[in-house]
Amino acid sequence: NISLGGDISSAFINPAGLAQFKTNEIVFSPGVYLNSDKMFYNDKTTKGKITFLKELSKKLNIQVELVQSRAEEYIINHREYFDVVVSRAVATLSVLCEISIPFVKINGYFIAMKGHEKEELKNSLNAINELGCKMIKDETFLLPIENSERTLIVLEKVKSTSEKYPRQYDKIIKKPL
């Protein structure tokens, strides 16, 4: 199984960027895996993070493929490619859905970590449906140490996402689904 994001255990720490991994791998920090024969990490924010991951993978003696790309470019060869996509709360849920769900295989899952935002979830139901998913569950929990509330929203992909998604980022922001 291949996933985009991070595994569910890392969602409680800090799921970040886009990372492809096998479900039997162990994540101890976003984008860093132990006992892995391959790691994939996608981070468009800084060249420094990619340089760091190259050095870290060399020290850990693991094979790494790093990609610096935008979602709307990366989707071209990776549409409905991943079993699981995980995202942290870096945008509204409808925006996260449009960027992430097109990467998920049918019968796969999109898991978004958000603050305790029941209203935001309600406002995103149209986007969730339009993009081919159904709501499975939302689970609220407290983060360790800082004791702040988070919600994991679990969606299952039940039908293919239209090729028109994701739109260009500026269009997603100006007119969310």
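Judged purely by atom type and a 3.5 angstrom limit, Glu156 has no side-chain atom pairing as donor or acceptor with the backbone of Cys133. Between the side chain of Glu80 and the backbone N or O of Thr161, at least one donor-acceptor pair lies under 3.5 Å. Side chain of Asn129 to backbone of Leu125: no donor-acceptor contact under 3.5 angstrom is found.
Here the straight-line distance linking atom CD of Glu119 with atom OG of Ser124 works out to 10.0 Å at 0.5 Å rounding. Here the CD atom belonging to Glu98 is positioned 9.5 Å from the NZ atom belonging to Lys164, to the nearest 0.5 angstrom. Leu93 contributes atom CG, which lies 5.0 Å from atom CD1 of Ile128 (distance to the nearest 0.5 angstrom).
Side-chain heavy atoms closer than 4.5 Å link hydrophobic residues (I, L, V, M, F, W, Y) into clusters, and following such links, possibly through other members, connects Phe141 to Ile111. Clustering ILVMFWY residues whenever any of their side-chain heavy atoms sit less than 4.5 angstrom apart, transitively, puts Ile106 in a cluster other than the one holding Val84. Val104 and Ile172 are not part of a single hydrophobic cluster, where members link through side-chain heavy atoms under 4.5 Å apart. Both Ile99 and Ile173 are part of a single hydrophobic cluster, where members link through side-chain heavy atoms under 4.5 Å apart.
Residues Arg150 and Ser148 come closest through the heavy atom pair NH1-OG, 3.0 Å. Listed here is the closest heavy atom pair of Lys159 and Lys157: O-CE, 3.3 Å. Closest of all the heavy-atom pairs between Cys97 and Pro102 is O-CD, 3.8 Å. Here the closest heavy-atom approach between residue Val95 and residue Ala91 is recorded as CG1-CB, 3.7 Å.
Side-chain contact between Tyr109 and Val154 is present, with at least one heavy-atom pair separated by less than 4.5 Å. Between Leu177 and Tyr165 the shortest side-chain heavy-atom distance falls below 4.5 Å. Inter-residue side-chain proximity for Ile153 and Lys137 is flagged as unmet; no heavy-atom pair is nearer than 4.5 Å. Here the side chains of Lys171 and Pro166 are not in contact, with every heavy-atom distance at 4.5 Å or above. Contact annotation: the side chain of Val85 never approaches that of Ile101 to less than 4.5 Å [non-hydrogen atoms, C-beta and beyond]. Considering only heavy atoms from C-beta on, Leu155 stays 4.5 Å or farther from Lys134 through its side chain.
Taking the six-membered ring where the residue is Trp, Tyr74 and Phe82 present parallel rings, their angle staying beneath 30° rather than reaching 60°.
With no hydrogens or angles considered, no side-chain donor-acceptor pair links Ser100 and Ser87 at under 3.5 Å.
Between Met113 and the options Leu96, Thr151, Val86, Leu152, a side-chain contact (heavy atoms from CB on, under 4.5 Å) holds for only Leu152.
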